[in-house]
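Below: the structure, in structure tokens.
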Amino acid sequence: MNNFSRPRRMSASAFLIIFIKNVRKLLSYVIILTLIELFKSRNVGDKLTNILFILGGEVLLALVLSLLTYFTQKFSVKDGNLIFQRGLIAHDTVTIPLTKIHALRTNSGVWYRILGVRGIAIDTLASRFEEIELILDEADWQQLIKEIESQERPPVEADAVEPPPFNPESTVKFSNLNLLRDALCQNHLKGAAILLGFLWMIYSEVSDVIDDAAERIANQAADFYEEANLSALDIAGLAVAGYLFVLLLWLGKAFLLYSNMTLSYNNRKLAFSYGLVSRRSSRFIFDKVCTIWVKRNFFERRFNLSTIQLCQALNATAREEDDNLKIYGADHSRLLLSWWLGKGYADAPDIITAKSGRGLYLHSVFPGVIISGAATLILCYYHQYLWTVLPGIYLISYLCRGVATVRHSRITLKESYLIVHNGRFADIRNYIKYADIQVVQIKRTPFTRWFHRVALTLSTPGSTFTVRSLKLEEATLIYELLLTARAAQG
Amino acid sequence: MDVTLSNYQLYLENSVPVEDLHFEPLDKTYQRAFMIVVSLIYLGLMALALLLMLFEIPWILAGVEGTLLLACVINLSILPKAFRFKGYAFREHDISYRRGIIFPKTTTIPYDRIQQVSLNQNPVTKYFHLYSVEVVNGAQSLSNLTIPGMTEERALQIKNLVIAKIPDNHE
């Protein structure tokens with residue numbers, strides 16, 4: 001009879017699976033060493049002997065690693081917890097409450113099927129747990145499931161978050177015109193990244209063929225500049241043409257990815273479908289949404305548009321999913337927020353608001369000061385005094401960004417949720433439920449003793465926010481309120 | 001090892017703010033282990049720096065070794081202060097850990113967000129019979145809180161306390 005109440009090793013066949021995995025892991029090194037050996041100028045007999053030694057070494061090393069792994073790993077199910085012990089020199093004992101296990105994923109690859117075992121990966125919200133796999137034969141697997149089911153306690157009803165009542169099933173079609181209008185309101189330099197990426201790809205492809213291409217281009221550009229004798233108006237015209245090209249690329253990308261967007265929703269889920277050529281879909285489950293990000297810049301506010309992003313809880317399996325859908329277009333934030341926070345969310349009274357101070361300004365402009373300072377020094381060293389205008393402009397832009405950052409940065413606690421305001425030139429609001437807060441941190445700086453300002457960090461399963469330069473008393477109060485409200489709502 | 005759960009020292013009421021908590025210090029032996037780890041790291045770096053001898057420029061080697069030695073001395077001199085500042089505290093609904101000298105931080109994790117608890121030992125802490133308790137939650141960042149420098153008994157007590165405090169997991 002299988003017994004999991006005492007620490008025990010995995011099934012005997014697990015050793016073979018671990019061995020095969022270790023052989024696979026070492027295979028790339030073996031291939032490299034074998035190739036090196038093949039190209040060495042020796043006679044064939046020596047080569048074969050050495051290759052056999054390499055292969056034997058690999059098998060021996062894989063065997064040692066497998067023995068170490070197999071005999072140093074134990075697991076048990078006790079008092080409602082799944083317990084793993086592992087390690088020889090460094091020793092770990094991991095305890096997972098069964099109530100925190102979201103799913104048991106099984107792996108039945110070819111080798112697993114041949115040996116009659118299953119690989120079992122345990123899913124919790126903790127993303128770091130993915131590397132541990134239990135390899136069990138069928139009898140052990142069935143017994144483990146029984147043990148888990150017998151020790152697992154049913155979830156308490158009060159913990160279940162009931163979504164607010166909503167229409168049974170509704171559909172919203174997003175306008176393509178509004179998508180383009182909102183895309184026009186974005187930072188068009190985003191298109192520059194696409195353009196540069198495209199050019200870099202072409203350059204990488206052709207650089208092998210034309211070794212001195214860069215030098216030739218540089219020389220031709222210099223000749224062209226000298227011969228063309230461009231006026232300031234010509235340069236401005238070229239800049240406008242470049243800008244329009246970048247803008248066109250950005251609009252094309254936005255239209256290709258997000259056009260013909262439809263949303264169907266009920267009180268449990270949101271399902272988006274979008275894309276001009278290939279249709280893509282994104283699903284957001286009520287319980288898994290942990291932040292709604294709403295951005296409105298000056299133009300978006302003027303034309304009643306907004307950019308919205310929904311963040312879902314990330315765990316080991318969900319990390320790679322396409323959870324980064326951005327919704328450009330008419331302002332649908334009210335619809336999405338009332339779906340998630342309840343219809344009366346906008347009327348929820350403020351509990352406290354804390355604004356960032358001037359410390360955030362210094363924090364924001366610091367990189368700009370360093371970069372422009374270094375650039376100025378280099379230009380001065382080479383006596384290029386006229387060009388120091390460029391780092392100067394860069395510094396001024398950073399200083400303006402700093403002012404805008406401080407203006408927007410604050411945290412507001414409402415009765416049933418909180419809003420973290422950030423953004424530079426745009427007003428960005430991150431809506432978070434107290435129940436989603438996983439951890440809170442307060443950080444002092446060497447200046448706290450004089451200015452009484454601290455940074456407050458809070459993290460949810462899918463997002464992290466730091467509000468800097470808050471007054472110490474306010475930050476401490478918010479820290480406590482976050483934990484108290486979270487306990488009440490969670 | 002069986003541990004009685006009824007004798008835990010819970011200093012905190014849920015009305016006590018984190019700022020006013022009494023943080024329990026780490027085991028004194030951990031300071032020695034910590035100093036040995038730091039010294040070993042610097043010794044390793046200084047040994048690596050010996051590779052500069054290949055360039056046959058003695059003043060660079062002397063400079064690098066001197067800088068590393070100075071950094072090691074400064075680091076070791078502030079370690080006791082860092083050690084004294086480190087501490088952990090429990091309240092009704094959460095666990096807090098405090099650390100850092102230049103940027104002191106206090107991190108709090110509510111019990112019901114904890115996904116797993118681990119007891120870890122590395123070769124140095126194993127020599128001193130010390131453990132660290134790692135509390136893992138589901139956050140995107142700050143997802144694990146590691147409280148080092150515990151005796152086996154203390155580490156087990158903390159692990160059992162935290163596990164027992166997770167809702168729906170009471171024994």
Side-chain angles (χ1 to χ4, degrees), chain A residues 79-82 84-85 87 89-101 122 124-129 152-156 159 290 311 313-315 437-446 448 454-455 457-464 472 476-477 479-480 482-484 486-487 490, chain B residues 14-20 91-98 100-126 131-145 155-156 159-160 162-164 166-171:
Chain A
D79 301 331
N81 301 306
L82 191 59
F84 287 97
Q85 293 169 329
I89 301 167
H91 194 259
D92 290 351
T93 306
V94 182
T95 307
I96 307 168
L98 295 178
T99 50
K100 295 290 177 186
I101 295 176
I122 288 105
T124 67
L125 267 181
S127 54
R128 295 176 64 242
F129 199 63
E152 207 172 32
R153 292 155 183 83
V156 180
D159 277 2
C290 53
C311 300
L314 299 171
N315 65 8
I437 294 171
Q438 301 279 321
V439 55
V440 194
Q441 187 181 74
I442 201 161
K443 187 168 132 185
R444 288 170 170 73
T445 69
T448 299
V454 293
T457 301
L458 57 100
S459 191
T460 75
S463 52
T464 300
L472 179 61
T476 313
L477 180 60
Y479 192 89
E480 292 303 325
L482 286 176
L483 292 165
T484 315
R486 204 217 60 75
Chain B
N14 57 355
S15 58
V16 180
V18 168
E19 287 296 303
D20 299 339
R91 293 193 296 181
E92 192 185 347
H93 296 296
D94 46 52
I95 175 171
S96 297
Y97 179 57
R98 188 179 70 172
I101 292 185
I102 300 166
F103 295 96
K105 294 172 204 142
T106 308
T107 309
T108 303
I109 301 179
Y111 294 123
D112 63 349
R113 298 290 115 176
I114 293 170
Q115 301 293 320
Q116 64 192 49
V117 185
S118 307
L119 298 189
N120 307 325
Q121 272 187 314
N122 62 39
V124 176
T125 54
K126 200 170 180 177
Y131 288 78
S132 58
V133 179
E134 188 182 15
V135 177
V136 181
N137 64 69
Q140 193 193 39
S141 67
L142 306 171
S143 64
N144 56 323
L145 181 78
L156 279 169
K159 188 198 86 172
N160 289 340
V162 170
I163 291 285
I166 295 173
D168 307 329
N169 208 50
H170 298 288
E171 290 167 28

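Here the straight-line distance linking atom OG1 of A/Thr93 with atom CG of B/Leu156 works out to 8.5 Å at 0.5 Å rounding. Taken to the nearest 0.5 Å, the CD1 atom of B/Ile109 stands 13.5 Å off from the CD1 atom of A/Ile437. For the atom pair CZ of B/Arg91 and OG1 of A/Thr484, the computed distance is 7.0 Å after rounding to the nearest 0.5 Å. Taking CZ from A/Arg444 and CD1 from B/Ile101, the interatomic distance works out to 14.5 Å, rounded to the nearest 0.5 Å. Taken from CG in A/Asp92 to OG in B/Ser132, the straight-line distance is 8.0 Å, to the nearest 0.5 Å. A/Asn81 CG to B/Gln116 CD: the interatomic distance, rounded to the nearest 0.5 Å, is 11.5 Å.
The minimum heavy-atom distance linking B/Ala139 with A/Gln438 is given by the pair CB-CB, 3.5 Å. The heavy-atom pair separating A/Ile89 from B/Pro123 by the smallest distance is CG2-CG, 3.2 Å.
By the side-chain contact (heavy atoms from CB on, under 4.5 Å) test, B/Thr125 is found to be paired with B/Gln121, B/Asn122, B/Leu130, residues two or more places apart in sequence or in another chain being considered. The salt bridge (charged side-chain N to carboxylate O under 4.0 Å, His left out) search around B/Arg98 returns none, not counting sequence neighbours.
Contacts between A/Thr476 and chain B at a heavy-atom distance below 4.5 Å involve the side chain alone, from C-beta outward. Of the two parts of B/Leu145, neither the backbone nor the side chain holds a non-hydrogen atom closer than 4.5 Å to a non-hydrogen atom of chain A.
Not one N or O on the side chain of B/Lys159 forms a donor-acceptor pair closer than 3.5 Å with the backbone of A/Val94.
Interface summary for chain A: among B/Thr108, B/Leu142, B/Thr107, B/Asn120, the most heavy-atom pairs under 4.5 angstrom belong to B/Thr108.
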